[in-house]
Amino acid sequence: MAKGALPGFRDFYPQEFAERDYLLKHWRDVARRFAFVEYDGPPLEPLDLYTKKSGDEIVGQLYNFTDKGGREISLRPEMTPTFARMVAARANALRKPVRWFSVPQLFRYERQQKGRLREHFQLNVDIVGEVDVAADAELLSVAIEIVRVLGLTQNDVRARISDRRLLRALLATLGVSEEQSGGVFAVIDKIERQPLDISREKLSALGLADGVVERIIGLTGRVSLDGLRAEYGADAAVNECLGELGRYFDCLDALGVGAWAELDLKIVRGLAYYTGIVFELFDAHGEFRAICGGGRYDTLLKSLGGVDLPALGFGMGDVVLGELLRHRGLMPATLAGPDYWVAYSEPAQRAEAMRVSQALRRAGASVEYALRPQQLGRQLKAASAAGAPEAVILREDGTLILKSLASGEERTVRLSEGRLV
RNA sequence: GUGACUGUAGCUCAAUUGGUUAGAGCACCGGACUGUGGCUCCGGGGGUUGCGGGUUCAAUUCCCGUCAGUCACCCCA
């Protein structure tokens with residue numbers, strides 16, 4: 001193999017670039033239709049922007065280095081700290097709720113594997129300044145709308161929803177202490193990825209009785225709001241959380257995306273900063289990693305920027321989504337060609353071909369012609385290969401022929417203000 | 001960082017048990033069809049067999065190392 005890109009980095013040849021552009025265009029289009037506005041920040045940030053939130057062990061997964069001024073800096077591994085800083089800096093001046101989105105290229109120093117590279121593009125959509133669960137529902141509906149416009153259905157993609165406060169309240173009723181709950185969250189987070197007996201052992205190791213362990217396992221199975229209410233509703237905290245979730249699902253129904261969503265307490269979202277409703281989008285067959293994930297992080301802005309504002313957001317990467325769309329045959333396979341190919345019969349007509357091409361171009365069309373005089377047949381061959389739907393042929397007598405390269409139909413046209421009529 | 005598997009043209013793959021100058025299809029470039037494309041035919045460019053070392057008369061083939069890829073673990077902000 002010739003020397004290629006660095007491990008985990010991608011060369012975007014025109015075909016790959018077209019696919020990336022296809023995804024990013026839909027991201028931006030949907031975000032704007034939901035009245036989010038785009039922002040961006042620096043691709044390089046001070047290292048401590050990330051270590052403050054996640055501790056020093058995160059440095060092993062960052063592209064960090066010391067710059068020529070002696071500053072410890074890092075390529076951004078995620079957008080949320082930058083977002084939080086920017087919002088916090090102007091918190092008082094921003095109209096609430098803040099509805100912003102961004103499409104940063106993010107970097108992490110990790111061994112690459114399926115669905116994970118060292119670089120990717122990620123749509124970030126965030127709302128700041130709204131505590132109502134309608135905001136949570138609005139956010140999820142953006143994510144669902146994106147996969148919908150890309151051709152996926154509720155049979156292809158499922159939104160799995162949980163609520164960290166609910167889970168904590170449920171664990172509290174089972175007698176799980178605050179100190180134990182962190183470990184329990186960790187076990188629940190990976191309960192799908194390891195044998196059930198291992199999960200049981202780990203829960204027991206946290207000092208939980210066998211009966212409690214089994215009830216926790218039960219919570220990670222199929223659950224419903226009604227079922228939880230019947231079993232745990234006597235607890236006031238649980239009941240309040242269930243009420244909130246009920247209103248949340250009502251909002252999803254009103255937004256027309258309720259059928260995509262299901263309650264699933266296995267969704268924990270790492271051990272990060274989430275405080276309330278969290279969600280992930282998965283392909284329904286479970287062949288791929290999560291397409292997208294997010295949730296409410298009401299305390300993060302205070303801890304990072306000193307501004308006490310509720311917030312929520314999600315991130316959606318281009319790698320897994322692209323893999324899924326290609327797998328389902330939903331990624332446009334052909335590169336867009338020029339609108340017209342201007343062909344000429346005699347070498348001396350090249351200048352005329354240039355004039356015609358330029359007139360069409362100035363009117364907005366994409367136009368190519370043979371830079372080197374070639375036989376007419378070869379030019380038409382090139383026109384087909386380039387993917388042009390139509391060829392404009394300059395005949396020796398000066399007339400223009402517009403030829404469809406699909407059907408072969410021809411008609412005589414003339415150029416009028418950059419248009420062929 | 002750990003482990004398993006895999007590395008031959010741009011892509012998909014060949015190459016008797018280790019044996020001459022590593023082949024084919026697709027793609028690309030050129031030519032023929034005498035100048036309106038898609039088909040067909042002919043020709044051409046393109047490989048230090050990932051890289052380095054070892055064994056051997058001889059290595060794409062066997063061994064070691066290294067790099068890269070794939071998958072899993074770790075981690076997933």
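All chains are named by letter (A, B, ...) in the order of the sequence lines, taking the proteins before the strands, and each is independently numbered beginning at 1. Here the structure is a predicted model, which means the values were calculated and not measured.
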Any pair counted as salt bridge (charged side-chain N to carboxylate O under 4.0 Å, His left out), so long as it reaches [range], sequence neighbours left out:
range: residues 278-289 of chain A; result: A:Arg269-A:Glu280, A:Asp283-A:Arg328
range: residues 88-106 of chain A; result: A:Arg99-A:Glu138
range: residues 355-376 of chain A; result: A:Glu352-A:Arg355

Is the closest side-chain donor-acceptor distance between [X] and [Y] under 3.5 Å?
X: A:Asp126; Y: A:Tyr297; result: yes
X: A:Ser177; Y: A:Gln180; result: yes
X: A:Glu390; Y: A:Ser404; result: no
X: A:Glu38; Y: A:Ser102; result: no

With rounding to the closest Å, how many angstrom separate the [atom1] atoms on [N] and [M]?
N: B:U56; M: B:A68; atom1: P; value: 32 Å
N: B:U55; M: B:G10; atom1: P; value: 32 Å
N: B:A14; M: B:G7; atom1: C1'; value: 16 Å
N: B:U48; M: B:C74; atom1: P; value: 40 Å
N: B:U20; M: B:U16; atom1: P; value: 10 Å
N: B:G44; M: B:C63; atom1: P; value: 38 Å
N: B:A72; M: B:U40; atom1: P; value: 42 Å
N: B:G46; M: B:A32; atom1: C1'; value: 24 Å

Residues that A:Glu145 engages under side-chain contact (heavy atoms from CB on, under 4.5 Å), provided they are two or more places apart: A:Val30, A:Arg33, A:Phe34, A:Arg148, A:Val149
Residue list, salt bridge (charged side-chain N to carboxylate O under 4.0 Å, His left out) with A:Glu192, at least two apart or on another chain: A:Arg160
Results of salt bridge (charged side-chain N to carboxylate O under 4.0 Å, His left out) for A:Asp136 - residues two or more places apart only: A:Arg296
Minimum heavy-atom distance between A:Asn155 and A:Ala284, given as atom pair plus value: O-CB, 3.1 Å
Ring pair (Phe, Tyr, Trp, His ring centres under 6.0 Å) partners for A:Tyr39, two or more places apart: A:Phe83, A:Trp100
For A:His120, ring pair (Phe, Tyr, Trp, His ring centres under 6.0 Å) partners two or more places apart: none
Nucleic acid contacts - residues 279-288 of chain A versus RNA chain B, non-hydrogen atoms under 4.0 Å: none
Sugar-phosphate only, base, or nothing, as touched by A:Leu106 at under 4.0 Å among non-hydrogen atoms: nothing
Touch class at under 4.0 angstrom, heavy-atom based, for A:Arg10 against every strand present: nothing
Per-nucleotide pairing state of RNA chain B [Watson-Crick or G-U, under 3.5 Å; [ ] pseudoknot-crossing; | other strand]: (((((((..((((.....[...)))).(((((.......))))).....(((((..]....))))))))))))....
Per-nucleotide protein contact string for nucleotides 66-75 of chain B (B base, S sugar-phosphate only, - none; heavy atom under 4.0 Å): --SSSSSBBB
Nucleic acid footprint by protein, nucleotides 32-39 of chain B - heavy-atom cut-off 4.0 Å, B for base, S for sugar-phosphate alone: ---BBBB-
Value in whole Å for how far the P atom of B:C28 lies from OH of A:Tyr13: 16 Å
Residue met sooner reading RNA chain B from 5', once A:Ala385 and A:Phe107 are mapped to nucleotides: A:Ala385
Atom pair CZ/CZ of A:Arg28 and A:Phe101 - distance to nearest 0.5 Å: 6.0 Å
